[in-house]
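Since the structure comes first, as structure tokens, the remarks are kept for the end.
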Amino acid sequence: MSFKHGLQPSDVLTNQELMSTFKCAMAGGMRFSHRTNTLVLISDHTKSLYDDRWIGDVFHYTGMGKAGDQSLEYSQNKKLCQSNHTNVTVYLFEVFKQNNYVFLGEVYLSNNPYKEEQLGDNKELRLVWVFPLRLKKKQDEILIPTEFVESREKIQEKEAKKMTQDKLIKRVASASKKPGSRKVVTNAYERDIYVSEYAKRRANGVCQLCEEPAPFHTKKGDPYLETHHIEWLSRGGEDTIENTVALCPNCHRRMHSLNAKKDVEKLKEVAARG
């Protein structure tokens, strides 16, 4: 019988709450509890060591061991490998922000573990064991907020920039040929299309930041510009003509990447002219 934890999929726990619920250790990616007979698996995306990923409805979870080749006979790797034939209950959490443990649910080993190359803690390639896991019970699909996935990508980007060329080549060579995938949820703003159309007409085919003509025309012959809210809607900006300009794709990306004060001030002046 599964351990009665009282959690629902997508519940978010602190590390202290996770320890209190499952009576497990305070650290580690695979935490076995004798008191609850549970194995808690934590895929911490704030750390860049393991290449855990969803492919369809299977979570490919990297085993225990930070450096050197991993072993199926080692500690919790063995426990997870044998879990389908024992009475140990296995649960999965993912971490996208520090001290925010997202509960996925009870999982089981859906196929045999397999080996692949990943970089270890010492940045040397080694063989790891990867465990294909599926959620045990039918449940509503868990949608992860887009910002969680973007946060993971930023962490990985920082790690990649710190790598030497040699280490980067090794990392690329060991990369999984199948990219991970998952469904995410995001807040969508219902923008006023009339405000957008007015902003584009006011620009008259010229980017309002770099002041260059639109880079190309659409199939209908319209100059291609993208509308941009000077004060972002996600930060409380208004969907008004006074807060909306038309930019070329390059400048639009620039604003979302840099949002430089001098550019913001220029666009405010442009929009105020009406």
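Looking at L127 and Q70, their side chains never come closer than 4.5 Å, going by heavy atoms from C-beta outward. In this structure the side chain of V107 never reaches within 4.5 angstrom of the side chain of R134, judged on heavy atoms. In this structure, Y101 and N15 have side chains that are in contact, with non-hydrogen atoms separated by less than 4.5 Å. Side-chain contact between R53 and I55: present, with at least one pair of heavy atoms (C-beta onward) separated by less than 4.5 Å. Residues N37 and N87 have side chains in contact (heavy-atom distance under 4.5 Å, counting atoms from C-beta outward). P249 is listed as a side-chain neighbour of E226, based on a closest heavy-atom distance under 4.5 Å. Using a 4.5 Å cut-off on side-chain heavy atoms (C-beta onward), P132 and L109 make contact. Side-chain contact between D263 and L258 is absent, with no heavy-atom pair separated by less than 4.5 Å.
When all heavy atoms of M19 and A25 are compared, the pair lying nearest together is CG-O, 3.5 Å. What you find for A246 and A199 is that their closest heavy atoms are CB-O, 3.8 Å. Closest approach of E117 and L125 over heavy atoms only: OE1-CD1, 4.1 Å. The two atoms that bring E116 and D51 nearest to each other are OE2-OD2, 4.4 Å, heavy atoms only. Shown here for V90 and S83, the closest heavy-atom pair between the two residues is CG2-CB, 3.8 Å. Across every non-hydrogen atom of L135 and L104, the tightest pair is CD2-O, 3.5 Å.
Within the cation-pi definition used here (under 6.0 Å to the ring centroid, within 45° of the axis), K136 does not qualify as a partner of Y108.
The 12-atom threshold is exceeded at CD of E124, counting heavy atoms of other residues, nucleotides or ligands nearer than 6.0 Å. For K97, the NZ atom counts as loosely surrounded, since its 6.0 Å shell holds 12 or fewer non-hydrogen atoms of other residues, nucleotides or ligands. Under a cut-off of 6.0 angstrom, the local environment of OH in Y74 is sparse, with at most 12 non-hydrogen atoms contributed by other residues, nucleotides or ligands. Other residues, nucleotides and ligands place more than 12 heavy atoms under 6.0 Å from the CZ atom of F216.
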Note to self: One pair to check against side chain to side chain contact (heavy atoms under 4.5 Å, CB included): M255 and L209. What are the steps and the verdict?
What the structure shows: CA-CA 10 Å; M255 292 307 300; L209 184 58; 3.9 Å; yes
Item checked: Chi angles and distances behind the side chain to side chain contact (heavy atoms under 4.5 Å, CB included) call for T244, D192 -> CA-CA 11 Å; T244 307; D192 191 321; over 6 Å; no
Note to self: side chain to side chain contact (heavy atoms under 4.5 Å, CB included), that's the test. Do V245 and T227 meet it? Break it down for me.
What the structure shows: CA-CA 6 Å; V245 289; T227 51; over 6 Å; no
Next item on the list: Could you give me the CA-CA distance, side-chain angles and deciding distance for I193 and E197, then say whether side chain to side chain contact (heavy atoms under 4.5 Å, CB included) is met?
Entry: CA-CA 6 Å; I193 60 171; E197 177 62 21; over 6 Å; no
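If you take CZ on R31 and CG on L18, they are separated by 5.5 Å, rounding to the nearest 0.5 Å. Rounded to the nearest 0.5 Å, atoms NZ (K4) and OG1 (T36) are 13.5 Å apart. Considering CE of M30 and NZ of K79, their distance stands at 9.5 Å, rounded to 0.5 Å. For the atom pair NE2 (H60) and OG (S110), the distance works out to 7.0 Å, reported to the nearest 0.5 Å.
Using a 30° and 60° split on the angle between ring planes, H45 and F59 fall in the perpendicular class, above 60°. The aromatic rings of Y91 and F103 sit tilted, their planes meeting at an angle between 30° and 60°. In this pair, F93 and F22 present their aromatic rings perpendicular. The plane angle is above 60°, beyond the 30 to 60° band. Ring geometry for H228 against H256 counts as perpendicular: the plane angle is over 60°, on a 0 to 90° scale with 30° as the lower cut.
Looking only at atom types and distance, the side chain of T164 has no donor-acceptor partner in the side chain of D166 under 3.5 Å away. When only modelled atom types and interatomic distance are considered, H229 and D239 share a side-chain donor-acceptor pair under 3.5 Å. Residues D52 and T62 have side chains that bring a donor and an acceptor to within less than 3.5 angstrom of each other.
A side chain to side chain contact (heavy atoms under 4.5 Å, CB included) with I230 is found for one member of E265, K268, E238 and no other, namely K268. Among N84, V88, T89, the one residue that satisfies the side chain to side chain contact (heavy atoms under 4.5 Å, CB included) test with T86 is V88. Under the side chain to side chain contact (heavy atoms under 4.5 Å, CB included) test applied with N100, the options T14, T46, V12 reduce to a single match, V12.
For F131 and Y61, the distance between ring centers is not under 6.0 angstrom.
Not one N or O on the side chain of K123 forms a donor-acceptor pair closer than 3.5 Å with the backbone of G120.
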